[in-house]
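Source: prediction; values computed, not measured. These values consider heavy atoms only, across backbone and side chains, with no hydrogens, waters or symmetry-generated copies.
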Amino acid sequence: LKREGHLEPAEALRILLPIIEALSVVHARGIIHRDLKPENVFLSRGPDGEEVPKLLDFGIAKLLENSVLQTQAGSTLGTPGYMSPEQMRGVSELTPASDVWGMGVILFRTIAGRLPYAVDPNPTMMVMFILMNEAPRLRELAPDAPKAVAAAVDLALKHSPETRHRDMNELLEALLEAAAADGIPVVAPRSSVPPAPT
């Protein structure tokens, strides 16, 4: 992104769909990441030289209890600009929808070439602006973005977690359907991680 500014939607989905699928596995194991951002997506090489996207830095990840994240009230660990509104408010119960927001920002940044919100050097001012304003629609800042993919990204960036994609599975399905509707060739990721023990 630093070199190119933005990625074509097909390339963005090629890199990010496996990350979204991996997060669905992580969430199923009761963990929420809480610090999704492009810097935590690493492009490694597999044994055959193929590019393998990997998600890094679970340093502030928390275990989910009873399907919600219990965190200390007032805690706002994360990266301004990528943190969900409820995380910025220090809400004591975060759900996987909080990570959906972070991935929505990554998708927006990757396709549009910029964050949904203007970057303010004062993190407090940036947080206040995000809390008081809905995110713009992706096609407002990237008019050439594919319509269905843009709609899926827009839903991920709804202020209320109840109106977003509920979890990474829903976001993954929405993006796969959107790619098909927009005629973008993508390969559905397949997890190599076994299911969590029951």
Please check if the side chain of [X] supplies one atom and the backbone of [Y] the other of a donor-acceptor pair under 3.5 Å.
X: Asp48; Y: Glu50; answer: no
X: Trp101; Y: Ala156; answer: no
X: Gln87; Y: Ser98; answer: no
X: Asp182; Y: Val149; answer: yes
X: Asp99; Y: Leu36; answer: no
X: His27; Y: Ala22; answer: no
X: Thr110; Y: Leu7; answer: no

So, taking the atom named [atom1] in [X] and the one named [atom2] in [Y], what distance separates them when rounded to the nearest 0.5 Å?
X: Lys54; Y: Ile19; atom1: NZ; atom2: CD1; answer: 10.0 Å
X: Met168; Y: His33; atom1: CE; atom2: NE2; answer: 10.0 Å
X: Met103; Y: Arg164; atom1: CE; atom2: CZ; answer: 13.5 Å
X: Leu141; Y: Ile111; atom1: CG; atom2: CD1; answer: 12.5 Å
X: His159; Y: Met132; atom1: NE2; atom2: CE; answer: 10.0 Å
X: Glu173; Y: Asp167; atom1: CD; atom2: CG; answer: 10.0 Å

- Step by step, would you call Leu131 with Met126 a side chain to side chain contact (heavy atoms under 4.5 Å, CB included)? CA-CA 9 Å; Leu131 288 176; Met126 186 172 181; over 6 Å; no
- Side-chain heavy atoms of Asp35 within contact of Tyr82, under 4.5 Å: no
- Does any non-hydrogen side-chain atom of Leu17 lie less than 4.5 Å from one of Leu176?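 Yes - at least one pair of side-chain heavy atoms lies under 4.5 Å apart.
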- Cationic N near anionic O, under 4.0 Å, Glu86 to Arg89: no
- Query: What orientation do Tyr117 and Phe129 show, parallel under 30°, tilted 30 to 60°, or perpendicular over 60°?
  - Reply: perpendicular
